[in-house]
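Down below is the structure, laid out as structure tokens.
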Amino acid sequence: MRYWLMKSEPESFSIDDLKNCKNSTEHWDGIRNYQARNFMRDDMVIGDRVLFYHSNTDEPGVVGIAEVASEPYADYTAFDSGSKYYDRQSTKENPRWVMVDIRFVEKFDRTVTLKEMKSMYNLAGMKLLQRGNRLSIMPVGKNEFETIVSMSKEF
DNA sequence: GCCAACGTTGGC
DNA sequence: GCCAACGTTGGC
């Protein structure tokens, strides 16, 4: 099993929104970055655990856990000329962008904030914390995943 | 709202 | 293939 971190702006799609989806599952559309796409396309496996991260908000941080719930498949928002994710170079015959389904697993009792994570010596290697990182999907180490989960249980 | 950092685009 | 211009991300 692999571990991931996926960012979402809570004003557009929060962990509560995910929980409230049908079957607490939603497709993760709109990824238009090749590195992030490649992670979904090449490395994600059903059942992989995902740290759900809220970005662009008052208190950025990890708010809970989700899991990968499908194989990768074509991101159909790229075919829709009315969508803000439309990409005329992505065709049904040869889709450029993919997505996976994500299922809610649990919401933390509290947010593990970016600030806290920065202060943890054993999280210093996290991609999330590297200078200038803007990836919205990134791999996370098992130890890092478990450290963050245990931080969520401490007050 | 600002701005640093980064990815993408396109002219050459 | 270089690189300037531009757009986006996301913390602050």
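In what follows, every heavy atom counts, from backbone to side chain, and hydrogens, waters and symmetry copies are set aside. Each chain gets a letter, A, B and so on, in the order the sequences are listed, and its residues count up from 1.
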Kindly determine whether A:Asp43 and A:Arg2 satisfy side chain to side chain contact (heavy atoms under 4.5 Å, CB included), including the steps that lead there. CA-CA 8 Å; A:Asp43 298 323; A:Arg2 300 193 194 201; 3.7 Å; yes
Separation of C:dC12 atom P from A:Leu129 atom CG, nearest Å, is 11 Å
Residue-level proximity of residues 130-138 of chain A to DNA chain B when a heavy atom falls under 4.0 Å: A:Arg131, A:Gly132, A:Arg134
Passing option when A:Trp97 is tested against A:Asp29, A:Asp75, A:Asp87 for side-chain hydrogen bond (donor to acceptor under 3.5 Å, both in side chains): A:Asp87
To the nearest angstrom, the CZ-C1' distance between A:Phe13 and C:dG10 comes to 19 Å
What residues join A:Tyr76 in its hydrophobic cluster, counting side-chain heavy atom gaps under 4.5 Å, either direct or through other members? A:Tyr73, A:Phe79, A:Met99
Excluding sequence neighbours, so at least two apart, what forms ring-ring contact (aromatic ring centres under 6.0 Å, His included) with A:Phe13? none
Atom-to-atom span, CG of A:Asn33 to P of C:dT9 - whole angstrom: 10 Å
Report each atom pair, protein N/O against N/O of nucleotides 1-3 of chain B, whose distance is under 3.5 angstrom.
none

Could you identify which residues of residues 2-10 of chain A place a heavy atom less than 4.0 Å from some atom of DNA chain B, listed by residue number, or say none? none
Determine, stepwise, if the pair A:Tyr34 / A:Arg41 fulfils side chain to side chain donor-acceptor pair (under 3.5 Å). CA-CA 10 Å; A:Tyr34 289 105; A:Arg41 189 189 62 187; over 6 Å; no
Between P on B:dT8 and CD1 on A:Ile31, what's the gap in Å once rounded to a whole number? 13 Å
Can you pull the side chain to side chain donor-acceptor pair (under 3.5 Å) pairs that have at least one residue in residues 143-152 of chain A, sequence neighbours excluded? A:Lys142-A:Glu146
Only counting residues at least two apart or in another chain, list the ones meeting ring-ring contact (aromatic ring centres under 6.0 Å, His included) with A:Phe108. none
Would you confirm whether the ring centroid of A:Tyr85 sits within less than 6.0 angstrom of the ring centroid of A:Trp28? no
Selection residues 50-61 of chain A - residue pairs positive for side chain to side chain donor-acceptor pair (under 3.5 Å), sequence neighbours left out: A:Glu9-A:Asn56
Identify each donor-acceptor pair in which a side-chain atom of residues 124-136 of chain A lies under 3.5 Å from a protein atom, sequence neighbours left out, and give them as a table.
unit_1: A:Gln130; atom_1: NE2; unit_2: A:Ala124; atom_2: O; d: 3.0
unit_1: A:Gln130; atom_1: NE2; unit_2: A:Met126; atom_2: O; d: 2.7
unit_1: A:Asn133; atom_1: OD1; unit_2: A:Leu135; atom_2: N; d: 3.3

Who passes ring-ring contact (aromatic ring centres under 6.0 Å, His included) against A:Tyr86, sequence neighbours left out? none
side-chain N/O A:Tyr53 vs C:dG11 OP1/OP2, d < 4.0 Å: yes
Length of the CD-P vector between A:Glu59 and C:dC12, whole Å: 12 Å
Less than 4.0 angstrom from a charged side-chain N to a carboxylate O is my criterion; do A:Lys107 and A:Asp16 meet it? yes
Stretch residues 109-119 of chain A: residues that reach within less than 4.0 Å of DNA chain C through a heavy atom: A:Leu114, A:Lys118
Contacts satisfying ring-ring contact (aromatic ring centres under 6.0 Å, His included) that involve residues 113-144 of chain A (not counting sequence neighbours) are none
